[in-house]
Amino acid sequence: MAVLDMIEKENDIKKVPPQQYEELAGEIRTFLLEHVSKTGGHLASNLGAVELTMALHLVMDLPTDKLIWDVGHQSYTHKILTGRKEEFSTLRQMDGISGFPKRAESECDCFDTGHSSNSISVGLGFATARDLLGESYNVISVIGDGALTGGLSYEALNNASKLDTNFIIVLNDNNMSISENVGGLATHLSTLRTAETYQEFKSDVHSSLSRLPYGERVARRIHTTKSGLKQLLIPGMIFENMGVTYLGPVSGHNISDMERILNEAKKVNGAVVVHVITDKGRGYLPAERRPERFHGTGPFDVETGKPTEAKKKPDYTDTFSSVICKIAEKNDRVVALTAAMADGTGLRRFRSRYPDRFFDVGIAEEHAVTFAAGMAAAGMHPFVAVYSSFLQRGFDELIYDVCMQNLPVTFAIDRAGLVGGDGETHQGIMDLSYLSLMPNMTVMAPKNKWELADMLWFCSRYEGPSAVRYPRGQAWEGLKEFRAPIEYGKSEWIYEESRIAIFAVGNMVENALLAHNLLSFMGLESSLINARFVKPIDREAIDRAVKDHELIVTVEENMLHGGFGESVEEYLSELEADIPVLRFGIEDQFVPHGSVAQLQEKLGLDAASIADRIAGEYRKLSGIPSDSEEEGSRDS
């Protein structure tokens, strides 16, 4: 019988004899490889956190105790140990379990996560509420060293220093976030990792004193002055300088050592950091060698580590990667920034070719935006490459540091629209709305890879804030014959017919084109317009559509509230134009995980749904009976 078969629900791990812990860890890694290789998901981070998760579950009583995972992409072992083992074949699939902690899935998931650097704030909130309500349970926040580059974590640490009740922060230190960590904190933690002098000194002193009369009393006195010892032997003890107790470092793959130090941490009357060192990708050689490749992976062959779904054509990220290097070659004032996502955003090539003009600021999007603003004010043209949902963190900085001063900063917004398996926290469905409300901001969306290239070149010459948003995945190559030069604020008429005018934004041009063809089969003429610019909208194109059409349709993979369609409606209201508008987009909701195709169909953004709804609306407006009404009339 496999050891893993003993675990059916939370706390069952406590039934496993200690001598079988290593065997259980191996079985969990095999289980993760077997399932993630089929479904895709976050692999390297989970392989590195197996023993750490086991130790946490051994010293905690779930769900009474509260375990908060920063980001949560490393919580797969936690899910396995809390009764979700049998559901792993549905990981990140439509209606299956999430790749992140979800309160709706289990009582053992006390907080929904998916983005970085918030776990200390959340844990502090739990600890404070616990005391106010007179309750008694342990609160442990697990945060990676990469996430500590986010400013929110420091705000929380500063606040936690005032706490006079127990709160444990586990620092999972693997020297990586998604890419290799950068900056002063990474250097500091490297110093702590190698501070064996202090660890050996502390162990020897405590061992010697325990054998002497009154030795324990002396040891306790030394314990109260340990801050001074650490300052002497470990330079720059940032945590203790902030008033937070520090324990460690300890191997994150030695369960007994972690149990001991975690139980010691429970006795601290205040906030305490337990520094745990782990190996990302541990136990699977391809992931150990290239942890960034297996951070978030699609299905792959376990034997070779190679993807089972071969990449057929370049994606939008590849296009950006190629074009930004060509722009930089022509313009030595162009610089590129990323927030710990050099690989994900396609800037690896730029970093290699122009190392002096490449900047990775760590997981710190707010800083990235304002850093770029400073460079722009000094005469450079920064390109900030960032995922759509991650850019939301820089909202305030976008408004006041970039837009208010009308600075030439370009935001290359990757993963815009629906992204699939990562679910609610990663769907890029709000950028058109929040960017469009900012004065001076210009917002564009390309229909295909060639238009993305043209828009990036346009932005490199534009003397103001600009944003180009493009989706995840294979770059569409359709309509390549339509490549009129980018003209500020102007859309592109692809087909000009009558009756219905369809304005489509970015990647939705592909589905709108298919819908246009379906409408033709139904005997309904429609014009197809590639919006190109979401802000400013092309008012002349809308005037033209009002003149020659009976129905205006807008299609966008963004929230309806504040989106392109709402801007069109607002302009038509100003005109007092008597023409109906049918808007396609995403209602006021968070979108769960599933494939992009499944989600588009569910949200009514696939070509068939678009065509059917347009046809129904046009027939209703024109008094033409629908097919079902005609059938009913014949029956009567």
Validation row: [X], [Y] side chains within 4.5 angstrom (heavy atoms):
| X | Y | value |
| --- | --- | --- |
| Ser436 | Val534 | yes |
| Ile486 | Trp457 | no |
| Ser527 | Glu497 | yes |
| Met455 | Tyr470 | no |
| Asp543 | Tyr571 | yes |
| Thr370 | Tyr400 | no |
| Phe320 | Val323 | no |
| Phe503 | Glu556 | no |

Legend entry - Arg393 charged N/C atom sitting above Phe390 aromatic ring, 6.0 Å / 45°: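 Because its charged atom sits under 6.0 Å from the ring centre and within 45° of the axis, Arg393 does stack over Phe390.
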Legend entry - Val468, Leu435, Leu432 screened by side chain to side chain contact (heavy atoms under 4.5 Å, CB included) with Ile413, the one that passes: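 Of the listed options, the one satisfying the test is Leu435.
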Inset, instruction - Determine, using ring centers only, whether Phe350 and Phe383 are less than 6.0 Å apart. - result: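 Judged by ring-centre distance (under 6.0 Å), Phe383 and Phe350 do not meet the cut-off.
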Inset, instruction - Could you tell me if the ring centre of Phe100 sits under 6.0 Å from that of His42? - result: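 Centroid distance Phe100-His42: below 6.0 Å, so yes.
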From [X] atom [atom1] to [Y] atom [atom2], the distance as rounded to the nearest 0.5 Å:
| X | Y | atom1 | atom2 | result |
| --- | --- | --- | --- | --- |
| Ser98 | Leu91 | OG | CG | 8.0 Å |
| Lys449 | Ser322 | NZ | OG | 9.5 Å |
| Leu418 | Leu605 | CG | CG | 7.0 Å |
| Asp360 | Asp343 | CG | CG | 9.5 Å |
| Ser433 | His561 | OG | NE2 | 7.5 Å |
| Ile614 | Ile502 | CD1 | CD1 | 4.0 Å |

Which heavy atom in [X] sits nearest to a heavy atom in [Y], and how many Å separate them?
| X | Y | answer |
| --- | --- | --- |
| Leu479 | Lys447 | O-CE, 3.8 Å |
| Ala368 | Leu337 | O-CD2, 3.6 Å |
| Ile429 | Val591 | CD1-CG2, 3.8 Å |
| Ala545 | Ile552 | CB-CD1, 4.2 Å |
| Gly344 | Tyr387 | CA-OH, 3.4 Å |
| Arg415 | Ser388 | O-CB, 3.6 Å |

Counting only heavy atoms not in [X], do more than 12 sit closer than 6.0 Å to its [atom1] atom?
| X | atom1 | result |
| --- | --- | --- |
| Glu601 | CD | no |
| Phe111 | CZ | no |
| Arg483 | CZ | yes |
| Glu576 | CD | no |
| Glu87 | CD | yes |

Going by atom types only, do [X] and [Y] share a side-chain donor-acceptor pair under 3.5 Å?
| X | Y | result |
| --- | --- | --- |
| Glu451 | Asn530 | yes |
| Thr113 | Asn118 | no |
| Tyr618 | Glu550 | yes |
| Gln93 | Gln598 | no |

Inset, instruction - Tell me, with the steps shown, if Glu617 and Lys620 meet salt bridge (charged side-chain N to carboxylate O under 4.0 Å, His left out). - result: CA-CA 5 Å; Glu617 184 69 15; Lys620 184 172 67 175; 3.5 Å; yes
[X] (side chain) donor-acceptor with [Y] (main chain) under 3.5 angstrom:
| X | Y | answer |
| --- | --- | --- |
| Glu424 | Pro592 | no |
| Asn440 | Cys403 | yes |
| Arg357 | Val334 | yes |
| Ser352 | Arg349 | no |
| Arg613 | Gly604 | no |
| Asp70 | Ser117 | yes |
| Asn507 | Pro471 | no |
| Thr90 | Gly96 | no |
| Asn517 | Leu514 | no |
| Asp301 | Pro307 | no |

Inset, instruction - Assess whether side-chain contact (heavy atoms from CB on, under 4.5 Å) is satisfied between Val402 and Met438, documenting all intermediate values. - result: CA-CA 10 Å; Val402 176; Met438 299 179 185; over 6 Å; no
Legend entry - Worked verdict on Asp414 versus Arg472 for salt bridge (charged side-chain N to carboxylate O under 4.0 Å, His left out): CA-CA 7 Å; Asp414 205 329; Arg472 180 180 193 174; over 6 Å; no
Legend entry - Parallel, tilted or perpendicular: ring planes of Tyr488 versus Phe458, cut at 30 and 60 degrees: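 Correct class here is parallel.
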Inset, instruction - Describe, in one word, how the ring planes of Tyr495 and His516 are oriented to each other, choosing from parallel (under 30°), tilted (30 to 60°) and perpendicular (over 60°). - result: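 It falls in the parallel class, under 30°.
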Inset, instruction - Check the pair Arg499, Ser526 against side-chain contact (heavy atoms from CB on, under 4.5 Å), reporting the backbone distance first and the verdict last. - result: CA-CA 6 Å; Arg499 294 188 179 183; Ser526 62; over 6 Å; no
Legend entry - Intermediate values then yes/no, side-chain contact (heavy atoms from CB on, under 4.5 Å), His295 and His73: CA-CA 9 Å; His295 170 75; His73 63 299; 3.5 Å; yes
Legend entry - Sidechain N-carboxylate O distance under 4.0 Å for Lys280, Glu292: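 Answer for the salt bridge query: no.
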Inset, instruction - Mind running side-chain contact (heavy atoms from CB on, under 4.5 Å) on His381 and Thr410 for me, showing each step along the way? - result: CA-CA 8 Å; His381 189 122; Thr410 297; 2.9 Å; yes
